[in-house]
There are 2 protein chains.
Amino acid sequence: MGPLDGYLPYLLNRAGARIAAAFSEEVRPLGATLQIWRVLAALHERDGRRMGDLRETTSIEVSTLTRLVDGMEKKGLVARRRDAADARAVTLHATPAGRRMTRIILPIAARYEKVALKGFSEAEATVLKTALRRLFDNMDGLRKS
Amino acid sequence: MGPLDGYLPYLLNRAGARIAAAFSEEVRPLGATLQIWRVLAALHERDGRRMGDLRETTSIEVSTLTRLVDGMEKKGLVARRRDAADARAVTLHATPAGRRMTRIILPIAARYEKVALKGFSEAEATVLKTALRRLFDNMDGLRKS
DNA sequence: CTGAGTTATTTGTAAATGCAAATAATGAGG
DNA sequence: CCTCATTATTTGCATTTACAAATAACTCAG
């Protein structure tokens with residue numbers, strides 16, 4: 001056990017990076033990335049989201065998101081549309097190909113949860129997830145203090 | 001609560017990113033970064049580590065580490081030395097300035113733990129950290145499966 | 001004591017990322 | 001209807017990062 005093992009930010013980052021790396025490797029042959037999956041998952045829950053909305057739900061920077069969506073559009077996974085209600089905004093829509101990819105990745109994501117949480121009881125898993133949400137909330141708006 | 005809120009990798013990444021961002025902002029005026037802090041903390045525990053050793057304990061890629069250490073050397077925080085025992089290796093040593101910075105950041109890191117874990121009991125915090133280590137271990141070597 | 005194979009670190013290079021400035025469109029006053 | 005302040009997205013650019021190739025030094029068999 002290393003010296004940094006006591007630090008929460010380190011433990012968090014380390015575990016997150018490892019899961020992300022494994023997941024990424026698995027979906028790469030499908031032409032997907034972790035970020036692409038995040039966008040697809042968000043659109044799966046609700047299609048036609050705006051960029052700013054996606055930024056919020058995926059925690060991906062808007063500028064990064066723009067370029068990510070550029071790529072996804074080129075791959076035919078999503079389509080941009082001007083929002084009818086407010087023409088400043090763009091709405092994103094999963095194409096049939098996008099939805100097909102979502103259906104393929106959904107079970108993979110589920111399997112990864114299982115692997116990552118191997119040895120955890122249902123209750124322990126819930127506690128962990130709740131703790132991570134609390135942590136996130138605890139850091140909310142701390143940047144201006 | 002967003003649609004991704006059920007996914008562990010997302011929760012992990014999101015919480016980790018937020019803590020990292022807040023911590024980074026706090027130590028930036030000192031001329032430090034999260035990565036610099038990781039190296040300093042590792043050297044605080046044991047000075048004279050090799051690059052490969054640091055890679056292991058900090059989870060920072062070796063090539064990234066090389067350039068990070070380049071910068072730290074320029075700032076006078078650490079000094080590279082050829083390992084006397086094995087001249088292929090380089091050992092890293094904190095300078096007085098490096099140790100001074102470590103002493104300054106240590107309490108900041110401790111404070112961040114407190115803020116992040118606000119509302120957590122001692123026991124809950126321990127459970128969370130243990131869970132994160134288990135998670136990390138669960139993903140060990142999964143990449144070749 | 002020399003060459004083949006191994007280990008440690010650095011460098012080359014291309015992709016990802018994030019901030020800040022630029023662009024585009026809205027809405028409210030006058 | 002203009003103009004100004006606001007909101008939404010994109011683009012410019014400099015930094016960070018990671019993989020892979022290059023370098024350097026070790027080990028050991030012959």
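Source: prediction; values computed, not measured. In the text below, chain A, chain B and the rest are named by the order of the sequence lines, each starting its count at 1.
- Looking at A:Asp5 and A:Arg14, a side-chain N of the basic residue comes within less than 4.0 Å of a carboxylate O on the acidic one, giving a salt bridge.
- When all heavy atoms of B:Glu124 and A:Arg134 are compared, the pair lying nearest together is OE2-NH1, 3.6 Å.
- Mapped onto DNA chain C by nearest heavy atom, A:Ala87 and A:Thr33 fall at different nucleotides, with A:Thr33 at the one closer to the 5' end.
- Taking both residues in full, the closest heavy atoms of B:Glu73 and B:Val78 are given as CG-O, 3.4 Å, listed atom of the first, atom of the second, then distance.
- For residues 71-79 of chain B, proximity to DNA chain D is found at no residue, defined as any non-hydrogen atom under 4.0 angstrom from a strand atom.
- To the nearest angstrom, P of C:dA16 lies 15 Å from CZ of A:Arg38.
- With hydrogens and angles disregarded, a donor-acceptor distance shorter than 3.5 Å links the side chain of A:Arg82 to the backbone of A:Ala87.
- Atom CD1 in B:Ile60 sits about 13 Å away from atom P in D:dT16, given to the nearest Å.
- For the pair A:Glu25 CD and D:dA18 P, the interatomic distance rounds to 15 Å; values are reported in whole Å.
- In this model, the phosphate group of D:dT17 is approached by a side-chain N or O of B:Gln35 to a distance below 4.0 Å at OP1 or OP2.
- Between A:Leu128 and A:Phe120 there is a side-chain heavy-atom pair separated by less than 4.5 Å.
- Atoms CG (A:Leu68) and C1' (C:dG18) sit 14 Å apart, rounded to a whole Å.
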Please encode protein proximity along nucleotides 8-15 of chain C as a string of B, S and -, counting only heavy-atom distances under 4.0 Å. SSBBBB--
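- A salt bridge links A:Arg80 to A:Asp70: one of the charged nitrogens lies within less than 4.0 Å of a carboxylate oxygen.
- Between B:Thr58 and B:Ala42, the shortest heavy-atom distance links the atoms CG2-CB, 4.3 Å.
- A:Leu92 has its CG atom 14 Å from the C1' atom of D:dT10, to the nearest Å.
- With rounding to whole Å, A:Asp83 atom CG is found 13 Å from D:dT10 atom P.
- Atom CG in A:Leu54 sits about 11 Å away from atom P in D:dT10, given to the nearest Å.
- Scanning all heavy atoms of the two residues, the minimum distance from A:Gly48 to A:His93 falls at CA-CE1, 3.5 Å.
- Pairing each heavy atom of B:Tyr10 with each of B:Leu4, the nearest pair is CD2-O, 3.3 Å.
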